[in-house]
Amino acid sequence: MPLTQEPIAELTNVVRIYTKPLRRPRKGTLRRFVGFLKREKQKIRALDGVSFKIHPGECVALLGPNGAGKSTTVKLLSGILHPTSGQVRLFNSDPYHNRIDCAMQYGVVFGQRSLLWTHVPVHESLKLYQKMYNIPKSIFEERLKEFTEILEIKEHLPTAPRRLSLGERMRCEVIAALLHQPKVIFLDEPTVGLDVVAKKRIRDFIRRMNREEKVTVLLCSHSMRDVEELSDRIILISKGHIKFDGPKRRLKHQWSNERKIRIIYKKPNVANWQNQLEGTPGVINIQAENGQVNLRINQDQVHVSDIMKKLMDMLIVDDIEVTEPNLEDIIREIFGDEERTLNQLAEVT
Amino acid sequence: MRTQDILRQLKLLPSYLRLSLLRTAEDKIQLWGAFATSIISIVLYVFFWNVITYQIPVLTGVGWVVWGRAELTFLIGVTEIAWGFGSFAYMGLWEVHWYITEIGLEEFRIRPVSSIYQIFAQNFWAGGLLQVAIGGAMLFLSTITFGLVIIPINLVLGIFALLIGQAALYILWGCLCCLAFWIGRNQGLLEVSDAVEMNFARMPIDIMPLGVQYFLTFILPVIFISTIPTMIMLGQLPLGLILVYFVIAGVLVLVWSVVFRSLWAKGVKRYQPVGG
């Protein structure tokens, strides 16, 4: 990762505030009437002092729960939104004020909305973009042929997007975002709602663009598979604040001392086995139902073999599985028990 | 805006027109609906003015214009042309509030072309040209039936008046749409201006009381899309007065354009995405 190069995108202490009508029940006819005439508004800090840099060639995943500020970040970087305060830089210029120049050099995919013309055949929209981005005809045709073959979408080009399935439409959206050879691509949930085959096609294509064409990628996704497979660096964002920014392996390393144990048992040997287990040092979490126990342990405090021995004594076991936590478990853990885990992360960063 | 951007936008115009034709062809029911609406409203208004002129043969305006059956029938044709061209070219402005509050501006803001231009061009509706053709046929029929003499220079001046007046009216609409950045959904406000236009465009506005005339000239300039172009085409206005109307319409276009640009620039800055 060439970190010595100038960053391609940079946010410095960015704040973006949204206003939203405040609806609260009012007592009394007069108050209701006044409330009808004059709506109270509340301010929401979608981003609250966010700073990070993205360097050329990086593939960065922006992760966070709904409403964390991921899409707002993408929209600020693509010049759709203006920050309330702070500075947004893309290609060393302000993407809001130099929107047209910046837009020539980036591509965007919003999984939740179509950016193609819904009522005209896909290839007609693409031809329009060819002229819009001044793509030479030979390059356009060559890239279109290559992309449609990779994504297996050629037969759908003469169809209007509204007649395509979600997966087919998303593949077309990805092509539209990459035809003009952008230096950076913003992907906001590009695989949302897709089946596994369509997800894989899109992931493989993005990885190829990142590795072969050195396209910088900023990926917002709820799919941990996307993140696992595509990104090297993770930015965790929650309630408008960045909670972690670093390599994926560092995030995983923090949880490397943890193990997940899954046990399927016939019946317990002792009545209060769960209470006994909960009191054991190093046991982080126990979930037991329908003859199955899932527990997480910290290996620094207790060894797997000791726990397994204990379990064998307490339960008549059918099956046991011990695994390392994957990224999805880690993220679920982080945003499920945010305070505790973010403190842990703060120590890491 | 830089010259290279303007040139690129001009270069894109044929593509947008082509896409507009394709889109219109995709939705044939809407096209036939517009056709039927045009024919029905023309028939109704011809009937209406026949009833009026049967009882009052001639309506007089401010003293120098006479509206008989022939002129009123001609007026219906001009209005149809104006509405047809409006549907073709300005549909996007009518949709601005919709994009702000319901659909989102993202698809326009991520492309390397002016967002306003894209909203305009993406909403060109080729079906409007069918209405223009119907209006043209109506003009032709009324000249044949009533023996009206149209001098080419008057026709050209009339069309120019119609275009400039229409720009003034629809840019004002665009300004009303932009208020959606501040007040949210404002369909009701637009319905009011639409109702005024719908009801007054097919009337000779110069026969109305002076207050109404001023309102429909300076505030909501409906007079420029039908009454004035008709009077110019029929050769009922002296050149001096034509020039005065051109200046008024031109100033309105300029003022509303500046207001529109300013509202748009300020509004986009405070734009909040729709649905995340």
Side-chain angles (χ1 to χ4, degrees), chain A residues 16-21 39 44 46 66-67 69-72 74-75 78-84 95-110 112-121 124-125 127-134 160 162-163 176-177 180 186 188-189 220, chain B residues 1-2 4-28 30 99-100 102-118 121-126 181-185 265-276:
Chain A
R16 171 69 206 209
I17 296 173
Y18 293 135
T19 52
K20 169 174 145 176
R39 282 251 174 93
I44 296 163
N66 291 331
K70 305 182 297 291
S71 297
T72 301
V74 167
K75 285 170 187 172
S78 48
I80 294 168
L81 298 179
H82 189 264
T84 308
Y96 182 85
H97 291 108
N98 298 313
R99 192 182 62 78
I100 289 180
D101 286 340
C102 287
M104 284 296 254
Q105 301 177 73
Y106 69 66
V108 189
V109 175
F110 290 112
Q112 309 273 22
R113 69 177 77 227
S114 178
L115 301 175
L116 293 164
W117 283 40
T118 48
H119 295 284
V120 298
E124 294 292 343
S125 288
K127 274 186 206 165
L128 178 75
Y129 299 149
Q130 180 212 336
K131 289 187 179 140
M132 207 180 255
Y133 290 94
N134 292 330
R162 69 187 166 119
R163 297 186 198 281
H180 59 287
F186 304 117
D188 191 1
E189 299 185 38
C220 299
Chain B
M1 190 176 278
R2 296 166 305 186
Q4 66 194 71
D5 296 329
I6 295 170
L7 288 176
R8 196 167 69 246
Q9 286 177 192
L10 286 174
K11 238 171 73 183
L12 288 172
L13 211 52
S15 302
Y16 274 116
L17 291 173
R18 213 176 91 77
L19 289 176
S20 161
L21 281 170
L22 283 172
R23 194 163 58 94
T24 310
E26 271 276 307
D27 206 348
K28 290 188 183 71
Q30 195 189 357
Y99 286 116
I100 296 166
E102 305 285 332
I103 302 169
L105 295 171
E106 282 78 350
E107 64 177 298
F108 306 111
R109 301 281 301 160
I110 61 157
R111 303 281 172 221
V113 179
S114 150
S115 309
I116 298 167
Y117 170 82
Q118 285 179 80
Q122 196 160 315
N123 285 287
F124 282 158
W125 186 60
F181 281 119
W182 287 268
I183 59 175
R185 275 182 283 187
K266 285 193 168 70
V268 167
K269 221 166 186 176
R270 53 175 292 137
Y271 168 65
Q272 299 195 170
V274 180

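Reminder, nothing fancy here: chain letters follow the sequence lines and each chain counts from 1. Bear in mind that the values here come from a model prediction, so they are computed numbers and not experimental data. These numbers come from the heavy atoms of this one structure, side chains and all, not from hydrogens, waters or symmetry mates.
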Applying a strict 4.5 Å limit to non-hydrogen atoms, the region of Tyr106(A) in contact with chain B is side chain

Residue set satisfying ring-ring contact (aromatic ring centres under 6.0 Å, His included) with Phe181(B), at least two apart, ordered chain then number -> Trp264(B)

With sequence neighbours left out, the residues meeting ring-ring contact (aromatic ring centres under 6.0 Å, His included) with Phe108(B) are Tyr99(B)

Interatomic distance, CG@Leu81(A) vs CD@Glu106(B), rounded to 0.5 Å, equals 7.0 Å

Ranked by heavy-atom pairs below 4.5 Å to chain A, first place among Arg2(B), Arg8(B), Arg109(B), Arg270(B) goes to Arg109(B)

Residue from Asp101(A), Val108(A), Leu116(A), Thr118(A) scoring the most non-hydrogen pairs under 4.5 Å with chain B is Asp101(A)

- Quick check: does any side chain N or O of Arg111(B) sit under 3.5 Å from a backbone N or O of Ala103(A), one acting as donor and the other as acceptor? no

Handout entry: Residue Arg185(B) excluded, over 12 heavy atoms near CZ under 6.0 Å
Key = no

dist Tyr129(A):OH -> Ser15(B):OG (nearest 0.5 Å) comes out at 12.0 Å

Would Lys11(B) and Asn134(A) count as a side chain to side chain contact (heavy atoms under 4.5 Å, CB included) here? Give the steps. CA-CA 10 Å; Lys11(B) 238 171 73 183; Asn134(A) 292 330; 3.9 Å; yes

- Arg99(A) (side chain) donor-acceptor with Val113(B) (main chain) under 3.5 angstrom: yes

So, the part of Lys127(A) with a heavy atom under 4.5 Å from chain B: the answer is side chain

| query | Salt bridge check: are Arg113(A) and Glu107(B) linked by an N-O gap of less than 4.0 Å? | reply | no

Cut-off 4.5 Å, heavy atoms of chain B, and the answer for Thr19(A) is both

Item to complete: Apply the test side chain to side chain contact (heavy atoms under 4.5 Å, CB included) to residues Asp27(B) and His119(A): give CA-CA distance (whole Å), side-chain angles for both, the deciding distance (0.1 Å), then the verdict.
Response: CA-CA 9 Å; Asp27(B) 206 348; His119(A) 295 284; 5.9 Å; no

Distance col, row Ile110(B):CD1 vs Ile80(A):CD1, nearest 0.5 angstrom, shows 6.5 Å

